[in-house]
Structure formats: structure tokens, C-alpha cells
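Taking it in order: structure first as C-alpha cells, then the write-up.
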Amino acid sequence: MKKTMLFALAALAPLALASAAIAAPENAMADAPIATADEPTLASAVVVQAKIAYRNRSESTAPVLDYGLDYFQRFEPLTVGDALKRVPSVSFLSDVLESDGVRLRGLDPAYTQILINGEKVPGSGSSSGSFGNGADQAFFVDRIPAELIDHIEIVRSSSANRSGDAVAGALNIVLRDALALDGGYVRVGALRFDDKRVREVIGAVWGGQVGPGRLLVGANVQGRRNPKEKLSLRYDEPGASLNNNEIQSDVRNGTDSSFNIAYDVPVGPGQLSVNGFYVHTDRYQNEDSIEYNDGVQTNAKLSTINDNDVDIQQDSYALNGKYKFPMAGGETSIKLGYATFQNDEYEFEYETEYLRDSTPFPDGDRFTGDRAKTRITDDEVTAKLEHKRELTAGTDLEFGVQYEGKRRDSRVSEVPRNRYNLPSANPPAYKPFEITSKARLEQTRVDPYVMLSGRSNGVKWEAGLRYETTDVTVQDFVINEKTEKDYSVLLPSASVRYNLTNADQVYASVARTVRRPSFQFLSPVTLEEELGDNDFRGDPTLEPEKAWGLDVGYERRMGRDGVFGVNLFYRDIKDLIEIYNTGAAGSANDPPDDVTWIYSARNTGDGKVYGIEFDLSTPLSFIGLDNTGVFLNYSYLDSEVSDEFGKRRFNSQAESVFNVGFIQDIPTFGAAFGMTYRKQGEAYSRVVGEEVTTTYGADLEAFIEKRIGKNMVVRLTGSNLLDADKKETFNKFTTITNQIDRSFDEYELEREKAGPVVQLTARMAF
């Protein structure tokens, strides 16, 4: 049954009529006024921080951690992903110096809901090595320059008025709005990387009164670069002699350009807010590798030379409008939004194989060339109609309906493999591109909700119901197959917060959430060599995951600015979706040297996730150090799921995340300095045919700044000062029996390493 936006709005009509029928309280006979915004912050206060910033203590009933941009800014993060490295329970499985798919509580990025200004945005995990991230159900936060944000909220448990696809939690990235800033500033800087290359950073933001409303505009251009070295060692099994080694250089170079605008203006009895942003990413990934037999780096042992490059062009933009006005003794808001994401990639891989037989070069050797183009376009239309009113003194009613229409078009074009033996006086020309995968996936959601909330005698509470309906259509134009699936789920939620004292709070929250299958997981077409050398084929019959979650915590205010918190969480997940090996041979299968498989996704059963999270953010005023701030958070993360081989953790979940740091302000000299240290625990993944253990080295960042007058600051920052590395151990097998018996097909050790990045930045307010 296909639902439309008209149906979405019509679904609210009975609720709206019910609202009008509810008698308004005696003290609310007239329409309730719209709440006024706080005074805008002066630009000079944003640029020149007069004091150390700490975690904000959120007053929301549901458990929320709130971090303003000033909490991160002194370390000059380039992206939202860089900023999130300093908050509790956020881990990444990215390459060194990358922070793209957020793994809140260590779980796959598809378990984390990413919002911008409270709204979902399209995203893609199609970039190199990211397929398992759930792709279209996850948004890569390293696409958003940190300069755009006002604050970041970590929403640990769901509420009825938010989308329920947040099993691990939600990250709400709030951009600066027109009411946030008075004045402007410019930012100019340069970054020096370990390979001695220098990239630029330049941006400007301005906010002020324009006509009857307030306007904010901002623009930013940011050079990106990530040079690193990789080494792979391959053996028949642990303890055996070295078969071959692979030396690889991997350089990712690009530029992110962004623009954002917001305008707030009174219209009639209400307030109209319009905002939008645009981000363009131009990125080139250059990977070159050489393999040697027996690990002996001589021409006589040279076995393979590989050149693999990817040219990536990405565009993201969104436009949202909201009108809030008094109605029927309460407040009504209408929201409309449109967002799109387009990803274009051109990839080629050229490989020359030597030593394929006993004859000397070039007889018996071989060249293989592959070329591919990928285009993914996501479009999303959203509409919301919501109403909030006071029922009785201290009790509020909120209800509404939310609509989301999402469409993804994907197309992969490939040149037939160009393979020929050497020597070749006239190598064959490359043939034209052919479409090998073309699909359209459409998803329509209509989600009505109702929620009650109240406050009395130090207690705040909320309870609500959300009913999410989903229609999915998967159409594959290559195999000419169309699949339709619809399902619905009722999502109850409740939270309570109690003030033990003026400084101490306890809270508890319970909520049911859902994780929908990613579009890539639903597409039935076979994607060749999508997971390394392995193929992938989706399953359109996948069921969504459903989870019950519990969060219980305690917070204590420490003096004027400090806060300490501890949170315990538990998730009981049904119909778990995981990638698995079908056991069918892949397209690149060439035994005994190259054994490949077709992978797919399936509902593997049930699982549970649990852990404990600590965070501390406070000045050391209690020992007389008012100008010293310390920050510490630690998360212990665990889970359990069963597969063909027994129990294990959720695939690739980090065991822990630890952050500690300090900032020392020196008011007499108008200066400050600080450091942060981060360590992410080991992660393990197991599927049929392969087991991977991933460890990360520690990350150290530091800054020193000098304030010049009241309107300017110069800051020198350094990141990755410990030359962090990433190590992966691969255990590979050909059958389930071999995997149980530990009869290896191959044992591989891989390590990648990157050097420090130094950034010099100047900011000036005007």
C-alpha cells in the first residue's frame, strides 16, 4: 500500500480536531505566545574564548549530552567527525586520520541516527572500504566542516517525537542559526602534513539584522589530505614462513567547500525559520602497492605491481522551512524539508603480475585492467505537523505526524576486464563502459506519535507512543525484478529524571527502536568484488531489526561549570541483520591461489548490547585552579550474538573508548594551551571464511593559542602526535569445517601508519 504526503497530513486531522476539543486551562484562554530566543552571541566572544568551555548540562527529560562548539574549537577540528572523537562512546573503524562512519557505542554506523538541525539527511557509505556501514542508512560525519556547527547533542535514548531508527542512539548536529550570532569573523589557516604538503583553510561567518528578521551566512573552504603507508604480511598459517609481503602507499587528497544560510523572521502571530546548507567534496584516493614473494624485496622476487585510484565527487545540500505559531491554547509547527546527496566515483585498478610461472620476465606474466563508474543519488522529502499544549498545570500534551519520502538511484558502469599476457606489442584497447548494476529503491514512511510530559517537585517525566509505517520498493533494472515490502512497528518510550539535590540528578529511560535494512542489503543484484575480491548480493525479504533499550544514569553538578555523569545501557535486539558468506563461489574465484565468495545479508537471530559510560568535565576550582579545566570519559562496551561457531561480540564493536585531556588558560598573557589523549579498544569481526581483529594506536592532540586584543586569536594545533597506527589480523578459511578446525587458507597481518598534522590558524572578529 503506497502512502503519499497527502495521506500523511490527513492522518493528523483527527488529532488536530481532538486538540481543538480539549478545554484550555483557565490561565491559557488566549493563544500561547511563541517563546523568544536568547540574545545572539557577539562574534568576538565566539572567536576569543574568555574562559574554558565544558559540557553543557542538558535539562531534557531523556538522557542527552550537549557539547557546544567552544568545547571542541581550541583543538581546531576540521570536521564534525574530528570533534566527535572527544565525546563518550564514539568509535570509528576508519583508516588512520579518518573519522567518517560514527559507531556510537561501538556499533555499526547504521545503528546511529545522524540528524542535522533535528532532521535526517541522506548519506552514502559508497566510498572505498565502507560498504558494511549500512551505506544509505548512515551519514558520514567527516563530510560536514566543524565550522558550521553550533553544538552537538548525543541523544542516548529515544522519545516519541523523534524517529525511532536510533538503536545505539542519535547524534544531532545543530548548525548555527540566524539567532545565534551578532557580527562576523574570518578564519584563515594552513595545515602541514607528514609528507611536507601544505593545504589551506579559509572561512567566514556573519550574522545580523536584515529587514524584519535576522540573517546568518557562512562559507568555508578546507583542504584535506591523508598520506599514510601500509604493510601486509601473508602466511599459510600463524607461525609459518612468510609467503609474501605487500608495501603500499595510500594518499587521499581533496577539498571540502561549504555554504550555509539561515533566516528567521516574524510572520503574523508566529515565527518563520528557513535554513539551508551545501557541501561539496572533491577527493582523490591514490593507492599504489608492490608485492614480493618470500618477503624479499628484490626484482627477482617481485610478484605484483598494483595501481588503484578513485576520483570522488560528492554534493550534499538541504533546505528546510519551519513555521511555528500559537493555536488552540498551544503551539503548532509546520516543517517542510528537502535534502539530496549525490556521489560520483571513477575508479581504475591496473595490476601487473610477475612470477606466474618459472620462465623469466616477461614470458608468462599478465596485465589486468579494470575501470568502473558509480553514481548514487539520494533524494529525501520530509514534512511534519506537530502541536504542543498544556493540559493541566505541569502537564503537556504533544502530538503530530511525520512524513518521509526517500528515493535512491544507483548505477554502476564497468569496462569489461582488459586482461592480456605479456609481452604484448599491441595490447587490446579498452571496450566502452557497460551498465552492470542499475537500481531504484524507494521508501515511504508515515509516523504519527503522541507524547505526554510533566514536571512536579523535582521530577520530570515523559511517555509516548510512536507508530512507524514503512513501504519499500526495490526495482532492479538489470535483472528486471521488482520487490515490494511494507511493515509497521509500535515504538513506546518513557523517561523520568529526578533531582535528588540541587546538584544531583538520577534518570531512567526505556524505549523501543528499529533498524531498517540498508538499500544495498535489499538489492538482489550481484555486485562483483564489492567486498574486497568477494561479491555481494542483497536480499529484498530482510526484516527490520527491533530493539528494547534501557538507560539508567546519575549526574552531579560540580561547582558552576563542572559536571560528572555515569550511564548504564542495555539493548535487546531481535532479527539482527548481518553480512554472511553464502558459500557460493565469487566471480573472481580462481583456486587454489584466489578463493572468493558471494556474500549476502540475513536476519541471524537475536543479540544484546550493554556497557557503562563515565564522563567528567570540570574546572579544578576545588583545589584553587580556576583556570585549569580537565576532561575525561571512558566507555566499556560489550555485546553478545551467536553464529555458526558459537557466541561472539557484535562484529567490529570496539571494546572501549577512552579520552582524557586538559586546558590551561593564562589570562595574564592572554594565552592558553591544552592536550587530549585518546585510545580506542580492540574490535573483532567474524563471518564464514574470515575473522578480523583490529587495534588502533593512541592519538595525542595539543594546541597553544595567543589572544590579540579582544577580536583576534592565533592558534597552533597538532594532531596524531604519536604517529597512530591501525593493525588488522586476518584469519582466512575456505570452508566452515576448516574454520572450526583452524585449517587456514591464509593468515595476514596488515598495518597502516600516518604521521602528525600541524595546523596554524588565525581568527578575527569584525
Side-chain angles (χ1 to χ4, degrees), residues 43-55 67-79 81-87 97 99 145-147 149 185-194 196-203 220 222-225 561 616-621 623-633 659-679 698-724 754-765:
S44 57
V46 174
V47 170
V48 181
Q49 295 180 227
K51 64 178 183 178
I52 301 169
Y54 302 93
R55 171 166 79 85
Y67 296 90
L69 177 61
D70 50 0
Y71 178 86
F72 312 104
Q73 187 167 275
R74 281 175 157 170
F75 291 92
E76 292 288 351
L78 297 181
T79 69
D82 292 338
L84 287 172
K85 291 190 297 184
R86 298 177 181 85
V87 303
L97 294 183
S99 49
E147 206 63 24
I149 67 177
Y185 69 86
V186 295
R187 175 191 182 217
V188 179
L191 298 98
R192 186 181 187 276
F193 297 88
D194 191 46
K196 298 180 175 56
R197 288 287 302 274
V198 176
R199 294 303 313 270
E200 73 289 348
V201 176
I202 184 169
N220 190 70
Q222 186 168 279
R224 301 278 299 278
R225 189 171 178 82
D561 298 313
L616 172 70
S617 171
T618 184
L620 298 183
S621 303
I623 56 174
L625 300 176
D626 291 338
N627 296 314
T628 304
V630 295
F631 315 89
L632 182 150
N633 58 72
N659 287 281
V660 64
F662 76 91
I663 293 177
Q664 178 64 55
D665 201 7
I666 311 174
T668 305
F669 297 98
F673 64 92
M675 301 179 71
T676 64
Y677 172 90
R678 182 179 189 274
K679 186 71 171 69
D699 183 18
L700 181 67
E701 301 187 5
F703 82 90
I704 182 170
E705 72 173 27
K706 179 67 177 72
R707 300 185 286 273
I708 302 173
K710 296 182 178 180
N711 296 319
M712 186 173 180
V713 63
V714 178
R715 188 173 291 131
L716 179 68
T717 60
S719 59
N720 196 37
L721 298 178
L722 297 179
D723 295 349
V757 179
V758 178
Q759 181 179 182
L760 180 64
T761 306
R763 296 172 181 267
M764 184 176 68

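- The side-chain heavy atoms of Val714 and Leu760, taken from C-beta on, include a pair separated by under 4.5 Å.
- Take Thr628 and apply the side-chain hydrogen bond (donor to acceptor under 3.5 Å, both in side chains) test, not counting sequence neighbours, and it matches Gln664.
- Residues Arg225 and Leu191 form no side-chain contact, since every pair of their non-hydrogen atoms from C-beta on lies 4.5 Å or further apart.
- Contact record, Leu69 with Ile149: CD2-O, 3.4 Å, taken as the closest heavy-atom pair.
- Applying the side-chain hydrogen bond (donor to acceptor under 3.5 Å, both in side chains) test to Asp626 and every residue at least two apart in sequence or in another chain returns Ser621.
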### Query
Can you list the steps and then say if Phe673 with Ile666 is a side chain to side chain contact (heavy atoms under 4.5 Å, CB included)?
CA-CA 8 Å; Phe673 64 92; Ile666 311 174; 3.9 Å; yes

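- For the pair Tyr677 and Lys679, the minimum side-chain heavy-atom distance is below 4.5 Å.
- Side-chain contact between Leu716 and Val758 is present, with heavy atoms from C-beta onward closer than 4.5 Å.
- The two atoms that bring Asp82 and Pro77 nearest to each other are CB-CB, 3.7 Å, heavy atoms only.
- Every residue two or more places apart in sequence or in another chain that forms a side-chain hydrogen bond (donor to acceptor under 3.5 Å, both in side chains) with Arg763 is listed here: Glu76, Glu147.
- Side-chain atoms of Leu625 and Pro619, non-hydrogen and from C-beta on, never get closer than 4.5 Å to each other.
- Among pairs with a residue in residues 661-674, those fulfilling salt bridge (Lys or Arg N to Asp or Glu O under 4.0 Å) read Asp665-Arg707, at least two apart in sequence or across chains.
- For Asp561, the salt bridge (charged side-chain N to carboxylate O under 4.0 Å, His left out) criterion is met by no residue, not counting sequence neighbours.
- Put simply, the side chain of Asp194 does not reach to within 4.5 Å of the side chain of Asn720, judged on heavy atoms.
- Annotation: salt bridge (charged side-chain N to carboxylate O under 4.0 Å, His left out) contacts of Arg74 (sequence neighbours excluded): Glu705.
- Contact detail for Ala702 and Met675: the closest heavy-atom pair is CB-CG, 3.9 Å.
- The heavy-atom pair separating Arg55 from Ser617 by the smallest distance is N-OG, 3.1 Å.
- Residues passing the salt bridge (charged side-chain N to carboxylate O under 4.0 Å, His left out) test with Arg678, sequence neighbours excluded: none.
- By the side-chain hydrogen bond (donor to acceptor under 3.5 Å, both in side chains) test, Gln759 is found to be paired with Arg187, Thr761, residues two or more places apart in sequence or in another chain being considered.
- Phe75 is linked by a ring-ring contact (aromatic ring centres under 6.0 Å, His included) to Phe703, counting only residues two or more places apart in sequence or in another chain.
- Pairing each heavy atom of Asn220 with each of Pro145, the nearest pair is ND2-CB, 3.8 Å.
- Between Thr79 and Gln222, some side-chain heavy-atom pair lies under the 4.5 Å cut-off.
- When all heavy atoms of Gly755 and Asp723 are compared, the closest pair comes out as CA-OD1, 3.6 Å.
- Annotation: ring-ring contact (aromatic ring centres under 6.0 Å, His included) contacts of Phe72 (sequence neighbours excluded): none.
- The ring-ring contact (aromatic ring centres under 6.0 Å, His included) check on Phe631 picks up Tyr54, Tyr71, with sequence neighbours excluded.
- Scored by the side-chain contact (heavy atoms from CB on, under 4.5 Å) test, Val198 finds Ala190, Arg192 as partners (sequence neighbours excluded).
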